[in-house]
Amino acid sequence: MTHTDPPAHPTGQPVGRVIAMPADTNPEGDIFGGWLLAQMDLAGATPAFEYAQGRCATVALDAMVFHQPVSVGDEVSIYAKVIRTGRTSIRVHVEAWKRPRRDAQAESVRVTEGVFTYVAIDENRKPRVLPGVEGSSSQ
């Protein structure tokens with residue numbers, strides 16, 4: 001396995017920023033991975049919704065990697081970009097970066113990343129063809 005240095009800057013568009021709070025911790029004081037995952041899912045839906053021009057549902061998450069823990073008070077910024085689309089699906093690479101809130105001059109550090117798959121859905125929660133894909137109807 002080849003080791004690569006972590007990226008110096010986030011990739012993708014900024015799609016969310018939250019502060020990690022005490023209610024989101026485990027007994028050791030670190031933020032639960034599930035809390036961070038939920039924030040990433042919400043934020044990653046932003047470019048999926050824009051691409052689909054409407055409602056989407058999360059159907060999969062893969063390649064999730066936790067690089068660093070998040071602590072109470074950290075400012076968590078989330079970045080996302082569409083990396084692939086199918087007939088009804090949109091794959092979005094999502095990164096979360098942290099910065100201690102008490103130090104405005106501190107460098108942000110990537111804490112986790114993952115690839116989320118969303119499916120465009122209609123008003124009946126059934127998959128619908130993405131705009132611009134052959135066979136889609138304009139609404």
Side-chain angles (χ1 to χ4, degrees):
M1 180 195 295
T2 324
H3 174 73
T4 58
D5 291 329
H9 303 288
T11 58
Q13 68 180 1
V15 289
R17 181 173 288 161
V18 293
I19 304 302
M21 302 298 285
D24 304 314
T25 63
N26 62 27
E28 287 74 37
D30 293 322
I31 298 300
F32 279 117
W35 175 84
L36 188 53
L37 179 67
Q39 301 304 314
M40 293 172 70
D41 186 14
L42 287 168
T46 298
F49 181 91
E50 290 170 355
Y51 192 95
Q53 298 176 16
R55 191 172 179 178
C56 293
T58 309
V59 295
L61 164 63
D62 55 63
M64 189 74 177
V65 178
F66 290 95
H67 303 289
Q68 301 267 329
V70 175
S71 300
V72 171
D74 284 349
E75 177 184 271
V76 178
S77 298
I78 303 172
Y79 300 83
K81 70 176 179 180
V82 172
I83 57 172
R84 187 176 306 145
T85 61
R87 186 170 182 277
T88 63
S89 65
I90 305 162
R91 289 176 52 86
V92 180
H93 181 257
V94 182
E95 297 179 348
W97 291 66
K98 73 174 181 178
R99 181 179 65 83
R101 222 169 113 231
R102 64 189 170 282
D103 184 359
Q105 304 305 314
E107 294 278 326
S108 291
V109 177
R110 185 179 62 173
V111 294
T112 188
E113 63 183 309
V115 177
F116 292 75
T117 302
Y118 302 90
V119 169
I121 57 175
D122 64 18
E123 60 279 352
N124 298 313
R125 297 188 175 123
K126 301 292 182 200
R128 65 176 170 84
V129 177
L130 292 170
V133 173
E134 189 174 319
S136 67
S137 59
S138 54
Q139 297 177 339

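On a predicted model such as this, the values are computed, not experimentally measured, just so you know. Atom set for the values below is all heavy atoms of this structure, side chains included, hydrogens, waters and symmetry mates excluded.
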Could you note down all residue pairs passing side-chain hydrogen bond (donor to acceptor under 3.5 Å, both in side chains) where residues 19-33 supplies at least one of them, sequence neighbours left out?
Asp24-Trp35

To the nearest 0.5 Å, how far apart are CD in Glu123 and CZ in Arg128?
9.0 Å

Do Val76 and Gln39 come close enough that some side-chain heavy atom pair is under 4.5 Å?
no

With Ser108 via side chain to side chain contact (heavy atoms under 4.5 Å, CB included) - residues at least two apart:
Trp97, Arg99

Considering all heavy atoms of both residues, which atom of Met64 and which atom of Gly114 are nearest to each other, and what is their separation?
SD-CA, 3.9 Å

To the nearest 0.5 Å, what is the distance between CD1 (Ile78) and CG (Leu42)?
8.0 Å

So salt bridge (Lys or Arg N to Asp or Glu O under 4.0 Å) across residues 10-21, not counting sequence neighbours, yields Arg17-Glu75

Donor-acceptor under 3.5 Å (Glu95 side chain, Thr11 main chain)
yes

Please report the shortest heavy-atom distance between Pro100 and Ala106, naming the atom on each side.
CD-CB, 3.8 Å

State, to 0.1 Å, how close Pro47 and Gly44 come at their nearest heavy-atom pair, and which atoms those are.
CD-O, 3.2 Å

Between Tyr118 and Asp41, is there a donor-acceptor pair closer than 3.5 Å when you use the side chain of the first and the backbone of the second?
yes

For the residue pair Arg55 and Arg125, establish whether any side-chain heavy-atom pair is separated by less than 4.5 Å.
yes

For Val119, which fellow cluster members are found when Ile, Leu, Val, Met, Phe, Trp and Tyr are connected by side-chain heavy-atom distances below 4.5 angstrom, either directly or through intermediates?
Val59, Ile121

Taken to the nearest 0.5 Å, the spacing of Glu113 CD from His67 NE2 works out to 3.5 Å

Considering all heavy atoms, the nearest Thr117-Ser89 contact
CG2-CB, 4.1 Å

For the hydrophobic clusters of this structure (ILVMFWY residues joined by side-chain heavy atoms under 4.5 Å, transitively), does one cluster hold both Val133 and Val82?
yes

Heavy-atom closest pair (Ala48 atom, Cys56 atom, distance to 0.1 Å) is O-SG, 3.7 Å

Side-chain contact, heavy-atom cut-off 4.5 Å: Phe49 with Ile90?
no

Got a sec, which hydrophobics cluster with Ile19, joining ILVMFWY side chains under 4.5 Å apart, including via others?
Met21

Taking Lys98 as the fixed residue, which of Asp74, Leu36, Thr112 is the one that meets the side chain to side chain contact (heavy atoms under 4.5 Å, CB included) rule?
Asp74

Excluding sequence neighbours, so at least two apart, what forms side chain to side chain contact (heavy atoms under 4.5 Å, CB included) with Ile83?
Lys81, Arg91, His93, Val115

Of all heavy-atom pairs between Leu130 and Ala120, which one has the smallest distance, and what is that distance?
CD2-CB, 3.7 Å

Is there a continuous path of hydrophobic side-chain contacts, each under 4.5 Å between heavy atoms, that joins Phe66 to Val18?
yes

Ignoring hydrogens and angles, tell me if any N or O in the side chain of Asp122 forms a donor-acceptor pair with the backbone of Asn124 under 3.5 Å.
yes

